[in-house]
Amino acid sequence: MRRCFIFAAGSFYGLRERPVPGDLVIAADAGYRICRGEGIVPDLLLGDFDSMEPPAGFAQVRRLPVEKDDTDTLAALRAGLEQTCDIFYIYGGTGGKRLDHTLANLQSLLFLRRRGARGFLYDDDFVWTVLENEALVIRKTVEWGLFSAFCLGDRAEGVDEEGFQYPLKDAVLTPEFPLGVSNHILEPSARVSVRKGALAVGWELAPLD
């Protein structure tokens, strides 16, 4: 298992865990500013650099065309997959003035999952990931911690939520009705599973000191 830390140009709410030797660190465009603020030197800086110019003398720069299909963040995820990473921590991928990029990054979590990797997208004391045809155990870190689940696709069948205020059993979630929004984690470990389909799931984290 190899970890990849991605720093994008959105809002940054603090670092949950620092990279260690052997981890891959990629700054996507102005995500480099987050790295600089945290005293982290990325292994790769990539992007179309519409938000900033790469610093002079930085060796590992990959300049992308402005007109392209991939966002800078998705290009960073591809670069991490090329380096055989299978766990991705994405910072600066939400917030700001670009809801479209937040949605794109949520969808990119499914891109990772379908390639055998798992991504975690960090928001303001909240984290998101995606599961497809599988189960996930979530550890409670906040009393009455929030949890939400949304269908990614036409429908998600056989959804179970155990250890929550509002449990589900063999439920069907669809994109037109947000049944899975604003639940609460009650048990020390809660479990969510989907028999067929994909879910974006997010849960509250303890505030950083």
Side-chain angles (χ1 to χ4, degrees), residues 1-8 10 12-28 31 34 40 42-44 46 70-94 101-142 145-153 156-164 173 180 183 185 189-206:
M1 180 168 55
R2 189 182 186 197
R3 306 190 308 175
C4 180
F5 287 73
I6 304 288
F7 293 92
F12 178 62
Y13 302 102
L15 193 62
R16 292 279 166 178
E17 186 173 354
R18 296 190 68 83
V20 299
D23 293 336
L24 179 66
V25 179
I26 302 175
I34 298 175
I40 297 170
D43 299 293
L44 175 65
L46 60 72
D70 289 359
T71 64
D72 290 341
T73 304
L74 182 55
L77 297 178
R78 288 187 190 274
L81 290 171
E82 290 170 2
Q83 296 299 315
T84 69
C85 296
D86 54 7
I87 297 291
F88 289 77
Y89 302 107
I90 306 166
Y91 292 93
T94 67
H101 277 279
T102 297
L103 293 173
N105 291 332
L106 280 168
Q107 289 187 324
S108 295
L109 296 176
L110 183 57
F111 172 87
L112 287 175
R113 198 71 198 108
R114 289 183 173 176
R115 285 153 182 82
R118 182 174 298 283
F120 295 94
L121 176 65
Y122 287 94
D123 196 30
D124 189 2
D125 294 335
F126 220 83
V127 64
W128 291 91
T129 193
V130 160
L131 56 156
E132 186 173 34
N133 307 336
E134 60 184 323
L136 183 69
V137 174
I138 298 166
R139 184 172 60 88
K140 181 175 69 174
T141 61
V142 179
L146 286 167
F147 170 87
S148 290
F150 299 100
C151 176
L152 285 179
E157 301 174 358
V159 177
D160 293 346
E161 294 183 6
E162 305 167 25
F164 297 93
L173 297 187
N183 210 334
I185 303 171
S189 292
R191 183 179 184 272
V192 56
S193 61
V194 54
R195 186 179 69 250
K196 181 180 179 182
L199 297 176
V201 299
W203 61 95
E204 192 174 357
L205 300 173

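Remark: Arg115 CZ is packed, more than 12 non-hydrogen atoms of other residues, nucleotides or ligands lying under 6.0 Å away.
Side chain of Tyr89 to backbone of Pro19: no donor-acceptor contact under 3.5 angstrom is found. For Asp160 (side chain) and Val192 (main-chain N/O), no donor-acceptor pair under 3.5 Å exists by modelled atom type. A donor-acceptor pair under 3.5 Å is formed between the side chain of Asp86 and the backbone N or O of Arg2. At least one donor-acceptor pair closer than 3.5 Å links the side chain of Thr71 to the backbone N or O of Leu74.
Under the side-chain contact (heavy atoms from CB on, under 4.5 Å) test applied with Leu199, the options Leu152, Leu173, Val130, Leu136 reduce to a single match, Leu173. Partner of Thr94 under the side-chain hydrogen bond (donor to acceptor under 3.5 Å, both in side chains) criterion, chosen from Thr102, Asn105, Asp124, Asp123: Asp123. Paired with Glu134 under the rule salt bridge (charged side-chain N to carboxylate O under 4.0 Å, His left out), one option of Arg195, Arg114, Arg118, Arg191 passes, and it is Arg118.
Put simply, the side chain of Ile40 reaches to within 4.5 Å of the side chain of Leu15, judged on heavy atoms. The closest side-chain heavy-atom distance from Tyr122 to Leu205 is below 4.5 Å. Between Phe126 and Leu146 there is a side-chain heavy-atom pair separated by less than 4.5 Å. For the pair Phe88/Thr129, no side-chain contact is recorded, criterion being any heavy-atom separation below 4.5 Å from C-beta on. Contact check for Phe147 versus Glu161: side-chain heavy atoms found under the 4.5 Å cut-off. Using a 4.5 Å cut-off on side-chain heavy atoms (C-beta onward), Thr141 and Ile185 make no contact.
Considering every non-hydrogen atom in both Cys151 and Ala156, the closest pair reads SG-N, 3.6 Å. Across all non-hydrogen atoms, the minimal contact from Asn133 to Gly197 is OD1-N, 2.7 Å. Taking all atoms of both residues into account, the shortest heavy-atom contact from Asp72 to Leu46 is O-CD1, 3.5 Å. Contact record, Ala76 with Ala28: CB-CB, 4.4 Å, taken as the closest heavy-atom pair. Nearest approach of Leu131 to Ser193, heavy atoms of both residues: CD1-CA, 4.2 Å. Minimum heavy-atom separation, Gly80 to Cys4: CA-SG, 4.2 Å.
Considering CD1 of Ile6 and OG of Ser108, their distance stands at 10.5 Å, rounded to 0.5 Å. Here the CD-CG distance, from Gln107 to Leu112, works out to 12.5 Å after rounding to the nearest 0.5 Å. Taking OG1 of Thr73 as the start and CD1 of Ile26 as the end, the distance is 10.5 Å to the nearest 0.5 Å. To the nearest 0.5 Å, atoms CZ (Phe111) and CZ (Arg78) are separated by 4.0 Å.
The cationic atom of Arg3 (NZ for Lys, CZ for Arg) does not lie both less than 6.0 Å from the six-membered ring centre of Phe5 and within 45° of the ring axis.
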